[in-house]
Amino acid sequence: MTTVAKAGSEVGRSVPRLESREKVTGRAEYTHTMRLPGMLYAKLFRSTVAHGYIKSIDTSAAKNFPGVAHVVTIDDIRKVISNPYYGPAFHDQPILADGKVRFVGEPVAAVVAADPHVAEQAAQLISAEYEELPAVFDEVEAVSATTFIHDELKPAGTFADLKHLKGVKNTNVALDYRLRRGDVDKAFAAAAHVFEHEFKTQKVLHLPFEPHATIADYRDSGVTLYTASQGPSFVRTEIARLLGWPENKVRVKVPYLGSGYGAKLYIKLEALALALSMIARRPVKVALTMDELFYQITRHPSTFRIKSGVDKDGRLIARKCEVFWNGGAYADIGPRVTQKSGLTATGPYDIDNVWIDSYAVYTNETPSGALRGFGIPQLVWAYESHTDMIARSLNIDPIEFRRKNILREGRPHATGTIMKDAAIDKVLDKLAERIHAQPLDRGSGHVRRGRGIGIALKAVITPTTSVAIVNVSADGSVTLYCGTIDMGQGSDTAMAQMVGEVLNVPTETVRVVPRDTDVTPYDMGTLGSRSLFHMGHAVRRAAEDAREKLKALAREVGEPEGSNTPIPALFVKKYGMLAGNVIGTGVYKPDYIPPAPETGLSENVTAFWMISGSGAEVEVDTETGRVRILKLISVLDVGKPINPRIVETQISGGALMQLGFTMFEKMHMDGGQVINASLADYKIPGIHDLPLEMENICVDTYQSNGPFGAKGVGEVSTFCVSPAVANAIDDAVGVRLTALPLTPEAVLRALRAKQGKPLGDE
Amino acid sequence: MLSGQVVDDRLLGRAGEAAAAEAEILSDLRGSAAYKRELLRVYVGRAVRAALQTGVGG
């Protein structure tokens, strides 16, 4: 097939994804299906105990199993990697359990064999004895518990603001972030009304359709990792650190990802695969099954205590937030979630007196990390439910109450950063218009209908760095080298559009090189809706640099200013034949002022704000508690969309994912054991769970410091779905749910409690 | 209980109660026994009504 496209106006065009054809024809490469010559497979033996000392591990039967090459415990790993601990924020996670297990499912031993089925069978022959310790699962209890998950805190040193935690003992709190502005106590005393509520979110997980997979091929001269990762640069840094090697001896290659949603960030299976390849001296693949994902990484469960003071005119004058994040057994990126999302816990409101405490807490469960929103959906669930409860209690229309209190352009956010390019007002206005576009039929009998909304903001994680290279070959064809991982979000296409826009070539002709740290330059990672903005700027600058160098080349070969001589002719004039390259480079790191440690205040806390609103219209069956989503509206400020069609799919995808977390997804835990660790028992949204109608709307905005006026979109539609639905349920039947998910049973129990006929416990 | 009777709300209510009393229902992660029993009460009536409306099983 030949690709024909016209150059010009590449940005803003709904270019079909560059990789679509490869994917739908099954030719796209994924780590999970990749095989190397001579490769061995590893399978894991996992802890059945939530917290305990390992007394012994019996690997003899597994070692004697025909076809097994190696059975590996931490003692074997220590012989090849002397300090086998890893992690992005804390170096707290051992490659295999080291003397102690901290959650059910923690890897304790690995079996390596040429046949994955042999490895799996042999792993089942391993047994371990534990001396059990008291375990702690609840994030609030863990703060004051006398059981400590870790003997001391081990911050990684990657983040300057965690250094003070080094060596702290006798605590489960990995980070306490605080923000103080004004005087909340005084304001509460002066308030006409004070409201206080507590909200909870459950443990859920990403479930990327391609589970985690890594192949490590270790040689004395260097190591190559093929890995399903959202952050190859970070993997390279961390693997180099574990080996004590320079980074240029570590090569990380990442093909397309079968999605990630934050599950594949930082470092996951890479350290284990490396160690096993060092021991086996062959390439070793570690690839999880769907069921094993339940023991890899999840979203943080949370408890959020929120208190607000309102004056007699319905103005919010004080808000106090206490947020507990259940980080599980290893910190992963939890401390970043706690701080970088914690700072927006008061919501998109203009409140003079604010007080936030946000705690990253260790517990004896599967580690928690980033999941499409970096903690924001948990916060919004609480503050938008709370805000709605206040409005209803004061008999103020929930939309009017918000309108009276939202942060407007030019006003200071809780951190002190002045709001800019944050269209909270436009989002609220559009949402109000769309949710009430038709009159509401409130229903009758056991069918009742209602509407609810929520609005939110997120500060993009700042500061982070991206680097890009644009190569113009002598024939005029253009190649882009950038480390952003296309895991289904369409970034390759959007980045190519920006190159096409600057260099005036059709997007379809721009080649985006697959991720390979030997080739593609540094990027912080594909996370937190940062890539389009940060990498977008780096790509734009690289393309502009190439454009300037082409102009210089034209001048050098004697072309008049503004000449339209074809690019190949310039190269031929310069080199006497089709030879040479023009290389443009671009780097982007936004300005930033770190928050003051004592107050959390900063005049420049974020590179940009993401603004989101959701509206839900629901139908509740008052006899069964079943909730049908009749309409789900997402209204976003994403700046100017680079590719409107991809933006639209990002919006609906994010909203539906969060709808699953809202309505039914939950990891059921019993004594630290996940009792529904499979897709048979853990339900994700299917076709019958779709809202009858969805509206996806971007308000007309332009991000003044964004590349071509754009900013990130990947997570933004997730933020407000949960409170919008809960607020709609309240509107329909007058009951308030304060814990996710909003199951039919939870709704019916609330209804029956309200009627004075509570359902029994059993 | 329903055979040969004229179906009305009261009878369907009693049928639901009878079904709920007789069925062996366990609590599991899909729902508590109390909730599932409540669903049975509701759905026995709804199922009979739906069957009568569509003429199924007459």
Side-chain angles (χ1 to χ4, degrees), chain A residues 202-205 291 294 445-448 620-628 663-684 686 689 733 735 737 739-762, chain B:
Chain A
Q202 80 283 33
K203 201 166 180 70
V204 297
L205 77 166
D291 296 0
F294 291 79
H446 63 82
V447 175
R448 302 287 165 164
V620 182
D621 184 327
T622 59
E623 291 178 344
T624 64
R626 181 162 179 245
V627 177
R628 279 173 86 204
M663 304 308 289
F664 41 76
E665 289 188 46
K666 181 179 184 177
M667 286 170 68
H668 288 271
M669 309 294 295
D670 183 9
Q673 176 84 43
V674 190
I675 55 174
N676 59 335
S678 79
L679 279 173
D681 293 315
Y682 180 100
K683 188 170 151 34
I684 61 171
D689 302 305
V733 293
V735 300
L737 301 183
L740 292 177
L742 310 174
T743 61
E745 175 163 355
V747 173
L748 190 71
R749 282 185 177 277
L751 277 163
R752 294 288 296 268
K754 191 185 172 210
Q755 293 158 4
K757 297 185 289 182
L759 275 189
D761 283 339
E762 39 68 80
Chain B
M1 179 186 269
L2 295 173
S3 183
Q5 302 293 310
V6 176
V7 166
D8 60 16
D9 283 353
R10 228 175 108 250
L11 180 69
L12 288 180
R14 273 175 48 220
E17 291 293 338
E22 199 169 319
E24 204 174 300
I25 299 176
L26 296 176
S27 292
D28 60 19
L29 54 86
R30 291 178 185 82
S32 70
Y35 176 64
K36 288 191 244 180
R37 194 165 288 121
E38 190 62 25
L39 285 187
L40 188 58
R41 281 193 193 103
V42 172
Y43 279 111
V44 164
R46 288 192 190 177
V48 171
R49 239 187 217 109
L52 289 175
Q53 268 170 20
T54 54
V56 175

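Every value quoted in this text rests on a predicted model; they were computed, and no experiment measured them. Reminder, nothing fancy here: chain letters follow the sequence lines and each chain counts from 1.
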Practice prompt. Taking the side chain as every heavy atom from C-beta outward, state whether His446(A) and Thr624(A) have any pair of such atoms under 4.5 Å apart.
Written response: no
Item to complete: Give the member of Leu29(B), Leu39(B), Leu26(B) that has the highest number of heavy-atom pairs under 4.5 Å with chain A.
Response: Leu29(B)
Practice prompt. Any chance you could measure His668(A), atom NE2, to Asn676(A), atom CG, to the nearest 0.5 Å?
Written response: 5.0 Å
Fill in: Region of Leu748(A) in contact with chain B, defined by heavy-atom distances below 4.5 Å
side chain
Worksheet item: Checking heavy atoms, do the side chain of Asp621(A), its backbone, both or neither come under 4.5 Å from chain B?
Response: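 The side chain, not the backbone.
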Worksheet item: Between Glu38(B) and Arg41(B), is there a salt bridge with N-O shorter than 4.0 Å?
Response: yes
Practice prompt. Give a yes or no on whether a salt bridge exists between Asp9(B) and Arg49(B), defined as a side-chain N under 4.0 angstrom from a carboxylate O.
Written response: yes
